[in-house]
S.K.: 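Pasting a structure below so you can have a look.
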Amino acid sequence: MYRYDAFDAEMLQDRTAEFTDQVRRRVAGDMTEDQFKPLRLMNGLYMQLHAYMLRVAIPYGTLSGAQLRRLGHVARTWDRGFGHFTTRTNIQLNWIKLKDAPAILESMAEVGLHAIQTSGNCIRNITADPYAGANAEEVDDPRVWVEAMRQWSTFHPEFSYLPRKFKIAIGAAPNDRTAARIYDIGMKMRRARDGKLGFEVMVGGGLGRTPYLGPTIREFLPAEHLLSYMTAIMRVYNRHGRRDNIHKARIKILVASLGAEEFARQVETEWEALDKAAIDVPEAEIARIRASFASPAFKTLPAINDAVEALKAASRPFAQFVKHNVLAHKVPGYVIVNVSLKAPGEVPGDCTSDQMDAIADLAERYGFDETRVHFDQNLILPHVALEDLPAVYEGLRAIGLATPNIGLTSDIIACPGLDYCALANARAIPVAQEIATRFADMEVAEDIGELRIKISGCINACGHHHVGHIGILGVDKKGEEFYQVSLGGSGLEDARLGDIIGPAIAGPKVTDAIEALINTYKKERTTGERFVDTYRRVGLAPFKAAVYAEAH
Amino acid sequence: MPKLIKLIDGRPAWAEDPFLAVADEDAMPGQGGVILSLTRFQAEGEGLLAAGRAVGVRLEPSEAVEGLAYDLPRLAMVALAFPKFRDGRQYSQATLLRERLGYTGEIRAVGDVLREQANYMVRCGFDAFEFNDNTGPEELAYVTHRFRHVYQRAADDKTPIFVERMKGGADA
Ligand code: SF4
């Protein structure tokens, strides 16, 4: 994986010094809170309900063992001994004191971690396919390009005071695992017929109050022009995006009001006028970055391991773990291990400092020192030898992280909601906990099969509820927590926004409503059909009838 | 009265302001340099220039710099207004003035201009500042030299890190 060189390290040092000085000016009263706010936001510091929250960037979701261990250390030393992984593949620390922020940033910078541009109206941490470098289907390793973009977008003088925040994702394979169409810019790697590498470019997706799936504005962008083309998009947006109304300031509104075609025309015109050669990074630099993502030294191993097969036959939990959490790797004899942070009853995405240490140990010992964060708020050990799988499983079990529920009902995405977030209407975490607990039984969960439930505590949609097979949105009704339920959404290859089923449901009734939906699915499904496909085939009526009949 | 700081050969210093900012409703002074809004410049600029007066134009962030393309060679300066320090359109305006329109004259930041954004302004081509806080030349020099490197090209002449790397600089 990419390791920061002397230049990257000096950038981090200078940034820490800059922020330390900015905090000093603020404390001395040399700046107002209004003037300080965008500066601290661009360093990931939010004022939340109870304290400051620090959001740490995890570019393309990749962490070394040392970095993960350092996050554990920071959480233990300056927070309450745990962190929260988000749908943006960042980690959030919820109980930070402003005066500690410079020391935290300094500690993190030692291992190449930072909070640069994790908030504010700038280009945010960029996400990539979580299985990059391990997935046989990928066209190219997207991290190479995301790293080039990370550098280009860091402290970009022209694009740091945009109309609104700006989020970018790059998918690596035809089978999109990044939910690219719900980003301000989503890209998918492609190869042209002549073998040239490039991207499909989608612009103007986003959730929140006005959800859109981003339209494609260019079918094929030659990879070497990635940064100049991004510059053209950003410039059109920076000049013409709305600044008069915060709810209309995202690029999706500009794209929707101009129309995708006209927006694309403006971008192309700007791009033609740009000095591409000055902006695009030369091949040698791409090659340098690429070298840092070279495959680890995989051994030649048999594709089937007898000990693993024997353990699967002997241990039901292990067999379930393999079935649900372990994926094929591009190299025979290796697997991808998903680590669920969704043990039923726990807070989705939360991870304690001790767990971080233990996962870092496992990664160093069995996983070429690499871990990933998945936007489903789970972790990944991307390169595990099959022969080490039993040991990894045991290691995870020992820290309570071997729940075999990836993609099942209890693998719920939930934003921090009213337990932490100053913008929330309602709690999200307890709703997730209650549903997960009710469907914790493996037999029940396996019978239901793939079901993606996503919960947001307000319309900002950090929990991606619009693209949940079942989406749950917290709304406030005269001080009481109600939840609006939607069905049929997806952010992946079958991208679609969910349909709202009817009036919002009172908090205590939500789990019953989910059960009614699941029972309807069981009644209506054909053999092997997923929940979302049954819904899309039979439509809203039977689901709606079931939920509102039970509510009476 | 706001005081003017200019970059002379990249070094900030206090400067005499030879221009008077004339609001749309103000009477036109009989002599001396003036800074006009785009509307007033379009109405009265021709006459003033013909009379040999130094004329600058103040653009609001919503006004396209391309509209000045024809007049740029005759302008004494361009002021870009920051109604709020958080507005970011001026960074694109300045970049386009320098890179696309080849403008080499003064680009001045006016309005809610603050120290902590000044480095980005300089990188995008601003070379004159009317600060709205207590920033002086020393403070400006400090914030524009905080970073030893830059990651990307902009309208200044800084060498991006990817070029420094190829030259084998630092101990990268
Ligand atoms: S969706 Fe709303 S409540 Fe949840 S984290 Fe985002 S802003 Fe907060």
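Below, chain A is the first sequence line, B the second, and so on; all start at residue 1.
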S.K.: Please classify the contact between V122(B) and chain A as side chain, backbone, both or neither, with a heavy-atom cut-off of under 4.5 Å.
M.R.: neither
S.K.: Give the ring-plane orientation class for F7(A) versus H149(B), where under 30° counts as parallel, over 60° as perpendicular and anything between as tilted.
M.R.: perpendicular
S.K.: Kindly indicate whether the side chain of R150(A), heavy atoms from C-beta on, has any atom under 4.5 Å from the side chain of Y151(B).
M.R.: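 Yes, close enough: below the 4.5 Å cut-off.
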S.K.: Checking heavy atoms, do the side chain of R146(B), its backbone, both or neither come under 4.5 Å from chain A?
M.R.: both
S.K.: Quick one, F162(B) and P282(A) - any side-chain contact, counting heavy atoms below 4.5 Å?
M.R.: yes
S.K.: Taking S153(A), P38(A), A278(A) one by one, which has the highest count of heavy-atom pairs under 4.5 Å against chain B?
M.R.: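 Going by pairs under 4.5 Å, I would pick A278(A).
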S.K.: So what's closer than 4.5 Å to chain B heavy atoms on M234(A): side chain, backbone, both or neither?
M.R.: neither
S.K.: So which residue, L39(A), D34(A), N121(A), ends up with the most heavy-atom pairs under 4.5 Å with chain B?
M.R.: D34(A)
S.K.: Can a salt bridge be assigned to the pair R25(A) and E139(B) using a cut-off of 4.0 Å between side-chain N and carboxylate O?
M.R.: no
S.K.: Any heavy-atom pair between the side chains of I161(B) and M11(A) that's under 4.5 Å?
M.R.: yes
S.K.: Is it the case that the side chain of E158(A) and the backbone of R123(B) share a donor-acceptor pair, with hydrogens and angles ignored and the cut-off at 3.5 Å?
M.R.: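 Such a contact is absent between E158(A) side chain and R123(B) backbone.
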S.K.: Counting only heavy atoms closer than 4.5 Å, note whether L227(A) contacts chain B via side chain, backbone, both or neither.
M.R.: neither
S.K.: Can you tell me if R11(B) has over 12 outside heavy atoms packed within less than 6.0 Å of its CZ?
M.R.: no
S.K.: Considering residues, nucleotides and ligands other than K276(A), do more than 12 of their heavy atoms fall under 6.0 Å from its NZ?
M.R.: yes
S.K.: Among the options L96(B), N119(B), V163(B), pick out the one with the most heavy-atom pairs lying under 4.5 Å from chain A.
M.R.: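 Highest number of pairs under 4.5 Å: L96(B).
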S.K.: Identify which part of Y4(A) has an atom lying under 4.5 Å from any heavy atom of chain B, answering side chain, backbone, both or neither.
M.R.: neither
S.K.: Compare all side-chain heavy atoms of Y161(A) with those of R89(B) and state whether any distance is below 4.5 angstrom.
M.R.: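 Contact flag for Y161(A)/R89(B) side chains = no.
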S.K.: Are the side chains of S92(B) and F159(A) in contact, using a 4.5 Å heavy-atom criterion?
M.R.: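 Touching, per the 4.5 Å side-chain cut-off.
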S.K.: Heavy-atom distances under 4.5 Å only: say whether A94(B) touches chain A with side chain, backbone, both or neither.
M.R.: neither
S.K.: Provide the closest heavy-atom pair for G88(B) versus R243(A) in the form atom of the first, atom of the second, distance.
M.R.: N-NH1, 3.1 Å
S.K.: Report which part of D8(A) has an atom under 4.5 Å of a heavy atom belonging to chain B: side chain, backbone, both, or neither.
M.R.: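 Looking at D8(A), backbone and side chain both touch chain B.
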S.K.: Using non-hydrogen atoms and a 4.5 Å limit, figure out which bit of A273(A) sits close to chain B: side chain, backbone, both or neither.
M.R.: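 A273(A) touches chain B through backbone and side-chain heavy atoms alike.
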S.K.: Check each atom of D156(B) against the heavy atoms of chain A and say whether the ones under 4.5 Å are side chain, backbone, both or neither.
M.R.: neither
S.K.: Do Q152(B) and Q151(A) make a side-chain contact, defined as non-hydrogen atoms from C-beta onward lying under 4.5 Å apart?
M.R.: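 No, their side chains stay 4.5 Å or more apart.
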S.K.: For each of A284(A), P163(A), S160(A), tally heavy-atom pairs with chain B at distances under 4.5 Å, and name the one with the top tally.
M.R.: S160(A)
S.K.: Do we see a donor-acceptor contact under 3.5 Å between the side chains of Q35(A) and E116(B)?
M.R.: no
S.K.: F147(B) and F155(A): which non-hydrogen atoms are nearest, and at how many Å?
M.R.: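 Taking every non-hydrogen atom into account, CE2-CE1, 3.5 Å.
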S.K.: Against chain A, work out which of Q117(B), K84(B), Q90(B) has the most heavy-atom pairs shorter than 4.5 Å and name it.
M.R.: Q117(B)
S.K.: Please check if the number of heavy atoms outside E33(A) that lie under 6.0 Å from its CD is greater than 12.
M.R.: yes
S.K.: Indicate yes or no: at least one non-hydrogen side-chain atom of R165(B) is less than 4.5 angstrom from one of D5(A).
M.R.: yes
S.K.: Is any side-chain N of the basic residue among R153(B) and D275(A) closer than 4.0 Å to the acidic one's carboxylate O?
M.R.: no
S.K.: Is it true that Q93(B) and R239(A) share a donor-acceptor pair across their side chains at a distance under 3.5 Å?
M.R.: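 No, no side-chain donor-acceptor contact under 3.5 Å.
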S.K.: Less than 4.5 Å apart, any side-chain heavy atom of D30(A) and any of D133(B)?
M.R.: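 The answer is no; the side chains never approach within 4.5 Å.
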S.K.: May I ask you to decide whether K167(B) forms a salt bridge with E285(A), counting only side-chain N to carboxylate O separations under 4.0 Å?
M.R.: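 Looking at K167(B) and E285(A), the cut-off is not met.
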